[in-house]
Amino acid sequence: MLQFLANSLSSPMVHGPLLFLILQLLSRIVPKGKRVYQWLSCLPILWVFFCSLVYPSVLLIKPLEDQYPTVKVSSKLWQNADAIVVLACNHFDDEGLPFVSRWPQCTMQRNLHAALMYKEKHLPIHLAAGILNELDSASQAHYNKTFLMTLGVSPNDIYTHPQGHDTESEVDALAPHLKNKYVALVTSASHLPRAVQYFDLHGIKVLPIPVEHLSKKNVSFTIGLPNAFSLYRSERAIHEYLGLIYQRYIK
């Protein structure tokens with residue numbers, strides 16, 4: 001239930017208008033606080049505007065993305081690992097689309113980076129996640145295996161564990177196969193703080209390999225018009241902050 005709420009309310013375009021309506025409703029049913037609630041109802045609109053701007057949205061996500069440094073494919077750091085783990089994101093099961101169009105950026109970048117790492121050194125690659133939505137005909141682990149094989153990874157070096165529907169349950173599925181192993185963990189930069197914590201709970205040592213950065217390393221103040229990508233960047237950041245709150249204080 002909490003996961004559903006987090007997924008549903010992460011977008012400023014959802015929780016902003018919803019909070020606006022709640023405050024407007026309170027201004028009508030609580031006569032003594034009418035003026036206060038009317039003024040407060042301006043805040044959600046300003047919040048949506050704030051989240052839709054480049055610089056504020058970068059400020060939201062950057063603390064998450066900067067927690068772990070970039071590790072280049074050529075780096076010797078990850079080559080000491082026993083295995084590569086790629087966390088799942090999503091896949092569009094639509095044979096009418098070209099192969100490259102069936103993968104959102106999160107999946108594309110995670111899998112591509114893992115394939116480039118494998119090309120540098122042939123480490124075993126572990127994949128998890130089951131069927132993520134009712135339109136899928138196979139598990140996400142299976143789809144990701146297909147992606148990696150297309151890029152030249154040997155199927156003998158790919159280990160699929162087709163269980164899990166979120167980060168926590170994916171790590172639960174992976175953990176029994178990674179005991180006493182040092183793992184190079186590939187996932188989105190903003191997702192790593194939460195993902196690393198789940199591996200830590202299982203006592204698995206990981207080297208974080210961040211990809212899919214939605215902010216640049218060096219950011220300067222930018223004045224621009226509201227845009228959809230900034231809203232998306234803010235949504236991703238808010239989703240991760242909610243996930244961290246659940247992980248650390250509620251679970």
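- Using a 3.5 Å distance cut-off with no hydrogens or angles, the side chains of Asp136 and Gln140 do not pair a donor with an acceptor.
- Residues Leu148 and Ala114 share a closest heavy-atom pair of CD2-CB, 4.4 Å.
- Annotation: Asn180, atom CG; neighbour count of heavy atoms from other residues, nucleotides and ligands within 6.0 Å does not exceed 12.
- Between Tyr159 and Leu127 the shortest side-chain heavy-atom distance does not fall below 4.5 Å.
- By the 4.5 Å heavy-atom criterion applied to side chains, Asp172 and Leu174 are not counted as neighbours.
- The two residues Leu244 and Pro193 come nearest to each other via the heavy atoms CD2-C, 4.2 Å.
- With side-chain heavy atoms closer than 4.5 Å counting as contact, directly or through intermediates, the hydrophobic cluster containing Phe20 also holds Leu21, Ile45.
- A donor-acceptor pair is defined here as one N or O able to donate and one able to accept, closer than 3.5 Å; such a pair exists between the side chain of Ser11 and the backbone of Met13.
- What you find for Leu40 and Leu23 is that their closest heavy atoms are O-CD1, 3.4 Å.
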Stepwise, does the side-chain contact (heavy atoms from CB on, under 4.5 Å) test hold for Leu87 with Val186? CA-CA 7 Å; Leu87 293 181; Val186 182; over 6 Å; no

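- Between Thr160 and His142, every side-chain heavy-atom pair lies at or beyond the 4.5 Å cut-off.
- Distance OG/Ser188 to CG/Leu192: 8.0 Å, rounded to 0.5 Å.
- In this view, Glu168 and Lys251 satisfy the salt bridge (Lys or Arg N to Asp or Glu O under 4.0 Å) rule, not counting sequence neighbours.
- Screening residues 44-61 for salt bridge (Lys or Arg N to Asp or Glu O under 4.0 Å) gives no qualifying pairs among residues at least two apart or on separate chains.
- A donor atom on one side chain and an acceptor atom on the other are not found under 3.5 Å apart for Ser154 and His122.
- Note that CD of Gln105 is 9.5 Å distant from OG1 of Thr107, once rounded to the nearest 0.5 Å.
- Residues in residues 102-115 take part in these salt bridge (Lys or Arg N to Asp or Glu O under 4.0 Å) pairs, two or more places apart or across chains: Glu95-Arg102.
- Contacts of His161 classified as ring pair (Phe, Tyr, Trp, His ring centres under 6.0 Å), with partners at least two apart in sequence or in another chain: His126, His177.
- Screening residues 22-34 for salt bridge (Lys or Arg N to Asp or Glu O under 4.0 Å) gives no qualifying pairs among residues at least two apart or on separate chains.
- Every pair tested for side chain to side chain donor-acceptor pair (under 3.5 Å) that includes a residue from residues 67-86 fails, sequence neighbours excluded, so the list is empty.
- In this structure, Tyr241 OH and Ser190 OG are separated by 9.5 Å, a value rounded to the nearest 0.5 Å.
- The distance from the SG atom of Cys89 to the CD atom of Gln109 is 10.5 Å, given to the nearest 0.5 Å.
- A single hydrophobic cluster is seen to contain both Leu178 and Val206, as judged by linkage of ILVMFWY side chains at heavy-atom distances under 4.5 Å, directly or through other members.
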Evaluation steps, side-chain contact (heavy atoms from CB on, under 4.5 Å), between Val14 and Ser8: CA-CA 8 Å; Val14 175; Ser8 302; 5.7 Å; no

Val100/Met108 under side-chain contact (heavy atoms from CB on, under 4.5 Å): CA gap, chis, key distance, verdict: CA-CA 8 Å; Val100 294; Met108 178 76 76; 4.3 Å; yes

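- The stretch residues 194-236 participates, sequence neighbours left out, in these ring pair (Phe, Tyr, Trp, His ring centres under 6.0 Å) pairs: Tyr55-Phe221.
- Not counting sequence neighbours, the partners of Glu240 by the salt bridge (Lys or Arg N to Asp or Glu O under 4.0 Å) test are Arg194.
- The ring pair (Phe, Tyr, Trp, His ring centres under 6.0 Å) search around Phe99 returns Trp103, Phe147, not counting sequence neighbours.
- In this structure the side chain of Tyr118 reaches within 4.5 angstrom of the side chain of Ile125, judged on heavy atoms.
- Between the side chains of Ser41 and Gln24, a donor-acceptor pair is found at a separation under 3.5 Å.
- Closest of all the heavy-atom pairs between Ile204 and Lys181 is CG2-O, 4.0 Å.
- Atoms CG and CG, from Leu9 and Leu242 in turn, are 8.0 Å apart once rounded to the nearest 0.5 Å.
- Hydrophobic cluster membership differs between Ile245 and Leu64, with clusters built from Ile, Leu, Val, Met, Phe, Trp and Tyr side chains linked at under 4.5 angstrom.
- Considering only heavy atoms from C-beta on, Leu123 stays 4.5 Å or farther from Met117 through its side chain.
- In this structure, a donor-acceptor pair under 3.5 Å is present between the side chains of Asp93 and Ser137.
- Considering NE2 of His239 and CD1 of Ile61, their distance stands at 11.0 Å, rounded to 0.5 Å.
- Residues Ile158 and Val153 form a side-chain contact, since some pair of their non-hydrogen atoms from C-beta on lies under 4.5 Å apart.
- Sorted by first and then second residue, the salt bridge (Lys or Arg N to Asp or Glu O under 4.0 Å) pairs involving residues 197-221 (not counting sequence neighbours) are Asp66-Lys217, Glu212-Arg236.
- Qualifying salt bridge (Lys or Arg N to Asp or Glu O under 4.0 Å) partners for Asp157, counting only residues two or more places apart in sequence or in other chains: none.
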Quick one: do Asn111 and Val86 satisfy side-chain contact (heavy atoms from CB on, under 4.5 Å)? Show the steps, please. CA-CA 7 Å; Asn111 287 345; Val86 187; 3.4 Å; yes

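- Of all heavy-atom pairs spanning Pro162 and Ala141, the tightest one is CA-CB, 4.2 Å.
- For the pair Ile238 and Pro12, the tightest heavy-atom approach, listed with the atom from each and the gap, is CD1-CG, 4.0 Å.
- Between the side chain of Ser57 and the backbone N or O of Cys51 there is no donor-acceptor pair closer than 3.5 Å.
- No side-chain heavy atom of Phe92 sits under 4.5 Å from any side-chain heavy atom of Ser101.
- Atom CG of Leu225 has 12 or fewer heavy atoms from other residues, nucleotides or ligands within 6.0 Å.
- Taking the side chain as every heavy atom from C-beta outward, Leu214 and Val58 never approach each other to under 4.5 Å.
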